[in-house]
Amino acid sequence: MKFEIKRKSESEVKFKISGIDVSLANGIRRTILTEVPVLAIDEVVFFDNDSPTPDEVLAHTLAMVPLRTPPGKYGLPEECAEGKSSKPCRVVLTLDIKAGDTTILVNSEALVSEDPEVIPVSSKIPITYLPPNGKLRLEAYAIIGRGKDHAKWQPVSTVSYKYQPVIKINTNLCPEDCAKCVEACSQGVLTKKDGVIFIDPDECSFCDLCKDACPKEPSAIEVGYSENAFIFRLEPTGALPPDEIMSQCLKILKDKLVLFGKVFDEALEKIG
Ligand code: SF4
Ligand code: SF4
């Protein structure tokens, strides 16, 4: 297996994994979405709520505010449920705000956490409005969870993959002055310089417009894909850094495969 980062920023990571098949690619995607644990608000106690948003809707809004999650600091749900966690099981965040003479927008910076490492990933996430002289007072409890139980515990907004595009041009068929395929491609995959067409296949969307534009019959350009290389695009919520998401994902997958191998061996022994 070969892993290669293509692009990385706070809001998006693009990477390529080669030497795997589609089932493993999908296993990685599903594990990121459903198994990598993060903190999210799970319960809210309201003392005052003069906002136009009902308590239950406000509680849901608060639950969807991504919280920075220090890896390994808080107990996993199954350990906490059985009282077996040696780590703290929850973080308390409070919100206590009163509007003045005008209506105000309450956003995530109003949440005060008892743990300075566990704060909203952005201070500008809108929560609700408060009318003049209105009050909002509440206590919220964040716990560790997994995306398979609720989307609020997903470490990513989205994670997707596509097959690695493979584009070939039979230049023997191309007239020197032709660049119709280059003009048809809006993704910047094809460029022509000094009479030579260059191909940068990663951004290809498989739209086939280059093939349609080609005057040759059959087309001198082929758009295909590799069956054992995949380009992933991951948008972290900010709860965990992308490197941490990937390393936790691969560890979880490995542990599951080891467990599966053990159960499989035991089953084989029983069959004889
Ligand atoms: S298939 Fe579409 S995106 Fe890919 S190279 Fe052709 S025109 Fe560009
Ligand atoms: S449009 Fe077809 S013939 Fe023209 S340069 Fe592209 S591949 Fe070659």
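Order of listing sets the numbers, starting from 1, for every ligand and every atom in it.
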So, at under 2.8 Å, which protein N, O or S atoms would a careful student list around atom 2 (Fe) of ligand 2? Cys214 SG
Which protein non-hydrogen atom lies closest to atom 4 (Fe) of ligand 1, naming both residue and atom, and how far is it? Cys204 SG, 2.3 Å
If you look only at pairs with a residue in residues 169-183, which of them pass as a salt bridge (charged side-chain N to carboxylate O under 4.0 Å, His left out), with sequence neighbours excluded? none
List in chain and number order the residues that pass ring pair (Phe, Tyr, Trp, His ring centres under 6.0 Å) with Tyr141, two or more places apart in sequence or in another chain; answer none if no residue qualifies. none
The answer for which part of Thr171 has a heavy atom under 4.0 Å from ligand 2 is neither
Interfacing atoms of ligand 1 (cut-off 4.0 Å, heavy-atom, Ile167): 5 (S)
Quick check on contacts: which atoms of ligand 1 are under 4.0 angstrom from a heavy atom of Asp208? 1 (S), 2 (Fe)
Let me check something: do Val13 and Met1 share a hydrophobic cluster, defined by ILVMFWY side-chain heavy atoms less than 4.5 Å apart, either directly or through other members? yes
Below 4.0 angstrom, N of the basic side chain to O of the carboxylate: do Glu35 and Lys256 qualify? yes
Heavy atom of the protein closest to atom 8 (Fe) of ligand 1 (residue, atom name, distance): Cys185 SG, 2.4 Å
Do Trp153 and Asp42 have side-chain heavy atoms sitting under 4.5 Å apart? yes
Tell me, which protein residue and heavy-atom name are nearest atom 2 (Fe) of ligand 1, and how many Å apart are they? Cys207 SG, 2.2 Å
Answer yes if the side chains of Asp202 and Gln164 hold a donor-acceptor pair under 3.5 Å, and no otherwise. yes
Which atoms of ligand 2 are found less than 4.0 Å from any heavy atom of Ile197? 5 (S)
Any chance you could lay out the side-chain contact (heavy atoms from CB on, under 4.5 Å) test for Leu39 and Val118, step after step, and finish with the verdict? CA-CA 8 Å; Leu39 283 164; Val118 181; 3.7 Å; yes
Listed partners of Pro165 passing side chain to side chain contact (heavy atoms under 4.5 Å, CB included), at least two apart: Lys162, Pro201, Cys204, Phe206, Ile231
Return the CG to CD distance between Leu67 and Glu117, rounded to the nearest 0.5 Å. 13.0 Å
